[in-house]
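If you scroll down you'll find the structure; I have some questions about it.
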Amino acid sequence: MSTTRKIILLILALPLLSSCSNPEISEVCTGIFITHTLTVLTPEGEPADSVQITVSNKETGNEYDVCNPTICDEPPRSNPYVIFHDGFSEKVDSDGEEIIVRGTKGDKGFTEQFTFRDDGCHIRKVAGPDSVYLQVNKS
């Protein structure tokens, strides 16, 4: 086999060599950073921009700093909104964590519950919607 072919095969094999594997699951973990997003819609069904999003642990009330400059577009934050990602793997276990996502824009808002779990490779969404509608806040 020529040196050129060996180099090409090595380059093609690098992604497989750089991935990790988890013996408890039957898939190869990838180096891809997974983000989970939520589409926020106006009452009329249009994408809502500049919604203030907060993400917190249901049990502890601790807020997660989901949007740092490398993950979210700031400013303005726009649809779809990042609500969770692989960066929280140390804070979520395989049984799952219940997360509360709240959004506000003016006199409208929403509150939704999600469940995320760590599968050993990535954070996976177990429960929760893909999109929500802003509704007039009840005071």
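Predicted, not measured: the structure shown is a model, and the values here were computed from it.
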- Item | Gap between atom CD of Glu59 and atom CD1 of Ile99 - 0.5 Å precision |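 One gets 10.5 Å once the value is rounded to the nearest 0.5 Å.
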
- Item | Shortest non-hydrogen contact between Val101 and Ile83, atoms and distance |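 Closest approach of Val101 to Ile83: CG1-CG2, 4.0 Å.
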
- Query: With Tyr81, which of Val51, Thr37, Val132 fulfils side-chain contact (heavy atoms from CB on, under 4.5 Å)?
  - Reply: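 So, applying the side-chain contact (heavy atoms from CB on, under 4.5 Å) to Tyr81 and each of Val51, Thr37, Val132, only Val51 qualifies.
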
- Item | Donor-acceptor under 3.5 Å (Asn79 side chain, Val40 main chain) |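 Yes: the side chain of Asn79 pairs with the backbone of Val40.
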
- Message: Suppose we screen for salt bridge (Lys or Arg N to Asp or Glu O under 4.0 Å). Which residues come up paired with Asp130, at least two apart in sequence or across chains?
- Response: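 Only Lys125 meet the salt bridge (Lys or Arg N to Asp or Glu O under 4.0 Å) criterion with Asp130.
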
- Item | Residue pairs involving residues 104-116 (criterion salt bridge (Lys or Arg N to Asp or Glu O under 4.0 Å); sequence neighbours excluded) |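 Of all non-adjacent pairs touching residues 104-116, those that pass salt bridge (Lys or Arg N to Asp or Glu O under 4.0 Å) are Asp49-Lys105.
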
- From CA spacing to verdict: side chain to side chain contact (heavy atoms under 4.5 Å, CB included), Phe110, Gln135: CA-CA 6 Å; Phe110 72 88; Gln135 300 176 357; over 6 Å; no

- Message: Restricting to non-hydrogen atoms, name the atom on Gly61 and the atom on Ser56 that form the minimum distance, rounded to 0.1 Å.
- Response: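 Nearest pair, atom of Gly61 first, then Ser56: O-CB, 3.9 Å.
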
- Message: If you count every heavy atom of other residues, nucleotides or ligands that lies below 6.0 Å from Glu98 atom CD, does the total exceed 12?
- Response: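 Yes, enclosed.
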
- What pair of heavy atoms forms the shortest contact from Ile32 to Asp86, and how long is it?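 That would be O-OD2, 3.6 Å.
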
- Distance (rounded to the nearest 0.5 Å) between Thr115 OG1 and Lys58 NZ: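 That separation rounds to 8.5 Å.
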
- Message: Run the side chain to side chain contact (heavy atoms under 4.5 Å, CB included) test on Phe84 and Ile34 for me, step by step, so that the C-alpha distance in whole Å, both residues' side-chain angles and the decisive distance to 0.1 Å come before the verdict.
- Response: CA-CA 9 Å; Phe84 223 70; Ile34 303 292; over 6 Å; no

- Query: Under a 4.5 Å cut-off applied to non-hydrogen side-chain atoms, are Ile123 and His36 in contact?
  - Reply: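 Counting from C-beta outward, Ile123 and His36 do come under 4.5 Å.
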
- Message: Looking at every non-hydrogen atom in both residues, tell me the closest pair between Val66 and His85 and how far apart they are.
- Response: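 Where Val66 meets His85 most closely, the heavy atoms are O-NE2, 3.2 Å.
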
- Give me the other members of the hydrophobic cluster that Leu41 sits in, counting Ile, Leu, Val, Met, Phe, Trp and Tyr linked by side-chain heavy atoms under 4.5 Å, directly or via other members.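 Its cluster mates, by chain and number, are Tyr133.
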
- Indicate if Val82 and Val55 have the same hydrophobic cluster label, given that clusters are the connected sets of ILVMFWY residues with side-chain heavy-atom separations under 4.5 angstrom.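 Same cluster.
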
- Between Asn57 and Glu97, do the side chains contain an N or O donor and an N or O acceptor separated by less than 3.5 Å?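 Short answer, yes.
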
- Query: Which atom pair, heavy atoms only, marks the closest approach of Thr42 to Ala48?
  - Reply: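 Closest approach of Thr42 to Ala48, heavy atoms only: CG2-CB, 4.0 Å.
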
- Query: Would the Phe88 and Tyr64 ring centres measure less than 6.0 Å apart?
  - Reply: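 They qualify: ring centres under 6.0 Å apart.
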
